[in-house]
Amino acid sequence: MDNLTFAGMDGIIILSVFAIVMLVIGYYSGKGDTNLHHSLSGYYLAGRNLGFIALFFTLYATQYSGNTIVGYAPTGYRTGFSWLQSISFMTIIIGIYLLFAPRLYVVSKRRNFVTPTDWLEFRFKSKAVTLLSIFLMLWGLGNYLLEQLVAIGQAVAGMTGGTIPYEIAVVVFVLVMLAYEWMGGMKAVAFTDVMQGIVLMIGIFVFLAGALYLVGGNFAEVTRYIADNEPAKLGVPPMEVSVNWFSMLVLVGLGASIYPHAVQRIYSAESERTLKKSFARMAWMPPITTGLVFVVGIIGIMLFPGLDTAGSEQLVGLMANKIAAINGFYYWMMIIFFGGIVAAIISTADSVLLSFSSMLSNDVYGKFVNPGATEHKKVMVGKIGGIIAIFFLLMIAWNPPGTLYQIFVLKFELLVQVFPAFVLGLYWKRLAAKPVFWGMLIGAIVAGLLTLTGYKTVFGIHGGVIGLTINFVVCIVGSMLVTVSAEKSLKKDELAVLELEA
């Protein structure tokens, strides 16, 4: 995000207000709730009692963060109208949620699941499947958390006009996040999600209105400008780009639907009706959020022509400077909006960190290191483990690898390999543990090797999708062979019994 030359001290004041509100929410979320710090479900799932408003906004914050605005608009600027796919990403995620979330909720309520791998352990009763899924999910969470840390530094440094440097911004707001999450757990995270979600929704509309004002309120003029000056961004993309688009839909749609922190929000709903109601409202969010951000990116092509990749990453900040100069209303709305973007990024980061620490405490420590530990001890291990992990990631965030979009893609390549086990396991009783393990492992190895050797896509298809295809084949064919083998063995046993009886 480019320095907001209009913000300065006003930006620091707004950020301070958001930080104080977050800390207050954290304090009152945990005040008087003794169960919160002594129970895994209390701390990590808000006591499985999130109502419609809190659940909707925490799901919204899980799917969209401030980084949606900061990262998606520049991508739209660089690629043009083919970035319409970003709306499809979010739409397909909701569809996948509706495919498995209600059924998973019923099982989780009955079995008191805390983490996603609780379901996999219950379903397959295999340590190998559980361990591998833990690793892949922690990989996805670690990458997602890194993405948010980078975005926090860029957003705060940009909003304060460079007064707060990138490195200081990351450290200060990470400390704020750790403090309110320590005090209030999932309950604090959900309530801060409500605050940032409202600010983000309103801010997107105001930002778009300001951008349209700058181009005379005529979006048709923008498309004419692109047709005359950069027609490639307006035309039908070539076949490989279209294939890549479909590949991204699969990668993001399936991968994001099994985000560990998203799955835990399914567990946190107070009822199945509340869960379905929240997802029904979420179906309206892709055009309202990513759709409007896409339009912002397209308008930016006319307002700031000729930006290179690094320059385009600053697009939102550049546009905000122009919008803030329109009048006093837009000035303060831009400051509040960008404070909301920072709060949204932090709110997404806290969700990821909470899920990461829950898997460390319940899955790694509770399942394999000290199965007899009390829930209070597990919660403390998760809190401390999360702090250690985030400061390790801070060292990486000091020199972030690639653009935000590149970091965004990175996390899905391995995470998506858990999808067949997770969702097929809900619907296909004959899905067997050994094929699931080998499918996940081979799929992850293929995706990892393609990425490490520079073949992120092959004919437009992402390495993660190629690995996932192999994964599905191994799971399905392997499970069918196991079933056939078991049936043959059963028939032999029956024949042997008949022969003995004869």
Side-chain angles (χ1 to χ4, degrees), residues 1-11 13-15 18 64-81 83-84 86-87 154-155 158-161 196-231 233-234 284-307 311-345:
M1 185 188 302
D2 192 52
N3 287 348
L4 307 183
T5 56
F6 65 85
M9 185 55 65
D10 291 335
I13 292 170
I14 291 296
L15 287 174
F18 274 109
Y64 307 93
S65 76
N67 189 41
T68 303
I69 292 93
V70 177
Y72 277 30
T75 306
Y77 175 94
R78 291 190 294 269
T79 60
F81 277 80
W83 188 237
L84 271 169
S86 61
I87 303 173
Q154 290 181 346
M159 185 176 177
T160 60
Q196 64 89 354
I198 293 171
V199 173
L200 207 60
M201 282 184 185
I202 295 172
I204 289 170
F205 281 97
V206 175
F207 195 95
L208 179 60
L212 286 170
Y213 177 88
L214 293 174
V215 294
N218 189 351
F219 188 72
E221 186 63 32
V222 176
T223 58
R224 279 194 292 270
Y225 173 87
I226 297 172
D228 292 338
N229 296 276
E230 298 190 58
K233 293 182 178 180
L234 194 62
W284 294 93
M285 292 302 104
I288 291 175
T289 305
T290 48
L292 299 187
V293 172
F294 159 76
V295 175
V296 166
I298 296 300
I299 292 173
I301 297 172
M302 179 176 173
L303 288 176
F304 301 97
L307 296 177
S312 66
E313 283 287 298
Q314 315 301 325
L315 178 67
V316 177
L318 291 169
M319 292 181 72
N321 281 309
K322 279 186 171 290
I323 293 169
I326 296 173
N327 56 39
F329 169 78
Y330 278 109
Y331 174 85
W332 282 107
M333 285 303 297
M334 286 300 96
I335 291 177
I336 295 170
F337 178 47
F338 273 77
I341 288 177
V342 175
I345 296 168

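- Rounded to the nearest 0.5 Å, atoms CE (Met334) and CD1 (Ile323) are 5.0 Å apart.
- The two residues Ile326 and Tyr213 come nearest to each other via the heavy atoms CD1-CD2, 3.4 Å.
- Side chains of Phe294 and Thr290 form no contact here, defined as non-hydrogen atoms less than 4.5 Å apart.
- Between the side chain of Trp83 and the backbone N or O of Tyr72, at least one donor-acceptor pair lies under 3.5 Å.
- Nearest heavy atom pair, residue Phe329 against residue Asn327, reads N-OD1, 3.1 Å.
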Side chain to side chain contact (heavy atoms under 4.5 Å, CB included) between Val296 and Leu292, worked out:
CA-CA 6 Å; Val296 166; Leu292 299 187; 5.7 Å; no
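- Considering only residues two or more places apart in sequence or on other chains, Tyr225 meets the ring pair (Phe, Tyr, Trp, His ring centres under 6.0 Å) condition with none of them.
- Residues Pro231 and Asn229 come closest through the heavy atom pair CD-C, 3.5 Å.
- Between Ile301 and Val222, the closest side-chain pair of non-hydrogen atoms is not below 4.5 Å.
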Show me, pair by pair, the donor-acceptor contacts under 3.5 angstrom made by side chains of residues 196-211, not counting sequence neighbours?
none

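- Between Gly300 and Met319, the shortest heavy-atom contact is CA-SD, 4.1 Å.
- Pairing each heavy atom of Phe81 with each of Ile226, the nearest pair is CE1-CD1, 4.1 Å.
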Step-by-step side chain to side chain contact (heavy atoms under 4.5 Å, CB included) determination, Ile14 to Phe338:
CA-CA 9 Å; Ile14 291 296; Phe338 273 77; over 6 Å; no
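- Within the cation-pi definition used here (under 6.0 Å to the ring centroid, within 45° of the axis), Lys233 qualifies as a partner of Tyr77.
- Distance check: Leu303 CG to Ile298 CD1 gives 12.0 Å after rounding to the nearest 0.5 Å.
- Of all the heavy atoms in Val316 and Pro74, the pair that sits closest is CG2-CD, 4.5 Å.
- Listed by first and then second residue, the side-chain hydrogen bond (donor to acceptor under 3.5 Å, both in side chains) pairs involving residues 296-306 amount to none (not counting sequence neighbours).
- To the nearest 0.5 Å, atoms CZ (Phe18) and CD1 (Ile336) are separated by 7.0 Å.
- The distance from the CD1 atom of Ile87 to the CE atom of Met285 is 13.0 Å, given to the nearest 0.5 Å.
- A salt bridge between Glu230 and Arg78 is absent, with no side-chain N of the basic residue lying under 4.0 Å from a carboxylate O of the acidic one.
- Side-chain atoms of Asn218 and Arg224, non-hydrogen and from C-beta on, do get closer than 4.5 Å to each other.
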